[in-house]
There are 2 protein chains.
Amino acid sequence: MSVWDRPEPPSRPVPLDRERIVAAAIALADEGGLAAVSLRKLAARLDAGPMRLYGYIATKEELFDLMVDAVHAEILPEERPGDWREALRTLAHRTRRAALRHEWLADLLGGRPTLGPNGLAVTEATLAALDGLADIDTAMRAAETVSAYFIGAIRREIAHLRAERATGLSERDWQRASGPHITRMLATGRFPALTKAVYDGTDVDAETSFATGLDWVLDAVAARLTRPPE
Amino acid sequence: MSVWDRPEPPSRPVPLDRERIVAAAIALADEGGLAAVSLRKLAARLDAGPMRLYGYIATKEELFDLMVDAVHAEILPEERPGDWREALRTLAHRTRRAALRHEWLADLLGGRPTLGPNGLAVTEATLAALDGLADIDTAMRAAETVSAYFIGAIRREIAHLRAERATGLSERDWQRASGPHITRMLATGRFPALTKAVYDGTDVDAETSFATGLDWVLDAVAARLTRPPE
DNA sequence: AATGCAAAAATACAGTGTATCGATATGAGA
DNA sequence: TCTCATATCGATACACTGTATTTTTGCATT
């Protein structure tokens, strides 16, 4: 054995911290979905044994929480936008785009309360945007309603997107996308309104549809913000 | 050995079908959450070997789809209610109540397109309620917006409920619920609006909050239904 | 240089979804 | 009624999971 092919010395333990761990976990999830995040694979990426991670995170669920919080840092806009409506719209769209970058986010969104610093900062930004425009209770209701909408909308969109991808790229919405199954179902005549919608509906791109629904919800919120602040 | 303690004869294979399997899976999930649904445990409940299930379902994901579709049968109301608003409200509330009966539903809601017969029937009922009140595209947008709202709202509510349960029953919303962590965070002064909301906000019960947000969204929908049908 | 200690690695365990293969029971044909 | 083919079911197996426990290691201090 020459000096050239001397085996790598056993790599000195790389210093670890939550940030590095979470970043690696996010990378893993981006590549292969949440299911690809196993503590063994994650540790391997960090040149560590699996058990080493337990010095930094207590459980896998906690790791997921940290991942979500890390993405919330991407969601938070750098400068505060003009009016409340713009602020809320921006937050919603940024969340959506984050979910398109990190599809696994859709699996976690709304699944657990977001109590990390960045998650709280997003909530803070939402409530701050509404501050002074209505009493606190109305503001909270508004924040919750808007975020309920975009959590649901994002989950639906990602679910849809995955289904399309799984059945092979299908241009038309999902009639022939989901294969003969759907068409057969519709052919039974038990779903007339749905059938009409599928065949006669214009399919708009996901972003527009998201934005439209969001605008409706924001309109609804606007209608309650007329009351003066307490 | 007397006739009395003769061992049970090897139980003849109980006839199986998807319905029985799904019912057992739902029972299991109701008791211990989605995580408690393993093919081994499920098979054991049905006096069968694990592999036997694969004659009826292709994969565990498919089992989950079937479970969701079965619950959609509970969601579908028996008689069609009066106007569109009542119809949509009823569907939302029935979905919520189903999720309170079957908390695991919150984990699955919106996670995959609902293409089963009962899921389709629910979509059909939604669209049918809007039929004739607007053009198809508006109706679809309305249906999607409303269901996005309640999917998100239900997920948040269940997540919140679980968090409360985990930290021990805490009456006050989540300030001291999440233990010292939250209070410490709020004490940093980095979240003034949030702090005010937590301390000065009235905490309303979950059902009311769900209903209120839903009404806002329904108002927004109503504002778009003025246009005559195509 | 020896010793104590903290940190990391190895091992272990109980469980998972699912592929493969061997036994077995059932129905058909002779 | 007996034999054989076939479909069904169970057992076994595999690669992996999250995590508890035990063993080894390397470093700092005496």
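We name chains A, B, ... by the order of the sequence lines, and we start the count at 1 in each one.
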Would you give me the side-chain donor-acceptor pairs under 3.5 Å for residues 60-68 of chain B, sequence neighbours excluded?
{"from": "B:K60", "atom 1": "NZ", "to": "B:V37", "atom 2": "O", "distance (Å)": "2.8"}
{"from": "B:E61", "atom 1": "OE1", "to": "B:R112", "atom 2": "NH1", "distance (Å)": "3.4"}
{"from": "B:E61", "atom 1": "OE2", "to": "B:R112", "atom 2": "NH1", "distance (Å)": "3.2"}
{"from": "B:D65", "atom 1": "OD1", "to": "B:R112", "atom 2": "NE", "distance (Å)": "2.8"}
{"from": "B:D65", "atom 1": "OD2", "to": "B:R112", "atom 2": "NE", "distance (Å)": "3.1"}
{"from": "B:D65", "atom 1": "OD2", "to": "B:R112", "atom 2": "NH2", "distance (Å)": "2.7"}

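With rounding to whole Å, B:R52 atom CZ is found 21 Å from C:dG22 atom P. At whole-Å resolution of the value, CG in B:L16 and C1' in D:dT8 are 12 Å apart. Whole-Å rounding puts the A:E62 CD to D:dG18 C1' distance at 14 Å. Distance A:L28 CG to D:dT17 P: 10 Å, rounded to the nearest Å. Protein atom CZ of A:F64 is 12 Å distant from nucleotide atom P of D:dT17, rounded to whole Å.
The ring-ring contact (aromatic ring centres under 6.0 Å, His included) analysis of residues 88-116 of chain A, with sequence neighbours excluded, yields the pairs A:H93-A:F210, A:H102-A:W104. The salt bridge (charged side-chain N to carboxylate O under 4.0 Å, His left out) contacts involving residues 151-161 of chain A comprise A:R96-A:E157, where partners must be two or more places apart or lie in separate chains.
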Polar atom pairs between nucleotides 14-21 of chain C and protein, under 3.5 Å, N or O only, would you list them?
{"from": "C:dT16", "atom 1": "OP1", "to": "B:S38", "atom 2": "OG", "distance (Å)": "2.9"}
{"from": "C:dT16", "atom 1": "OP1", "to": "B:K41", "atom 2": "NZ", "distance (Å)": "3.3"}
{"from": "C:dG17", "atom 1": "OP1", "to": "B:L39", "atom 2": "N", "distance (Å)": "3.4"}
{"from": "C:dG17", "atom 1": "OP1", "to": "B:K60", "atom 2": "NZ", "distance (Å)": "2.7"}
{"from": "C:dG17", "atom 1": "OP2", "to": "B:L39", "atom 2": "N", "distance (Å)": "2.9"}
{"from": "C:dG17", "atom 1": "N7", "to": "B:R40", "atom 2": "NH1", "distance (Å)": "2.6"}
{"from": "C:dG17", "atom 1": "O6", "to": "B:R40", "atom 2": "NH2", "distance (Å)": "2.9"}
{"from": "C:dT18", "atom 1": "OP1", "to": "B:T59", "atom 2": "OG1", "distance (Å)": "3.0"}
{"from": "C:dT18", "atom 1": "OP2", "to": "B:Y54", "atom 2": "OH", "distance (Å)": "2.7"}
{"from": "C:dT18", "atom 1": "OP2", "to": "B:K60", "atom 2": "N", "distance (Å)": "3.1"}
{"from": "C:dT18", "atom 1": "O5'", "to": "B:Y54", "atom 2": "OH", "distance (Å)": "3.0"}
{"from": "C:dT18", "atom 1": "O4", "to": "B:R40", "atom 2": "NH2", "distance (Å)": "3.4"}

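Using modelled atom types, no side-chain atom of A:T208 and backbone atom of A:V204 make a donor-acceptor pair closer than 3.5 Å. Under the 3.5 Å distance criterion, the side-chain polar atoms of B:T123 are matched with a main-chain donor or acceptor of B:G119.
Every residue meeting the salt bridge (charged side-chain N to carboxylate O under 4.0 Å, His left out) condition with B:R101, not counting sequence neighbours, appears here in chain and number order: B:E74.
Overall bending of the helix from C:dA1-D:dT30 to C:dA30-D:dT1, expressed as the angle between end axes built from five pairs apiece, is 30° (10° steps).
Taking all atoms of both residues into account, the shortest heavy-atom contact from A:A148 to B:A153 is CB-N, 3.5 Å.
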B:L76/B:N118 under side-chain contact (heavy atoms from CB on, under 4.5 Å): CA gap, chis, key distance, verdict: CA-CA 8 Å; B:L76 202 64; B:N118 299 309; 5.7 Å; no
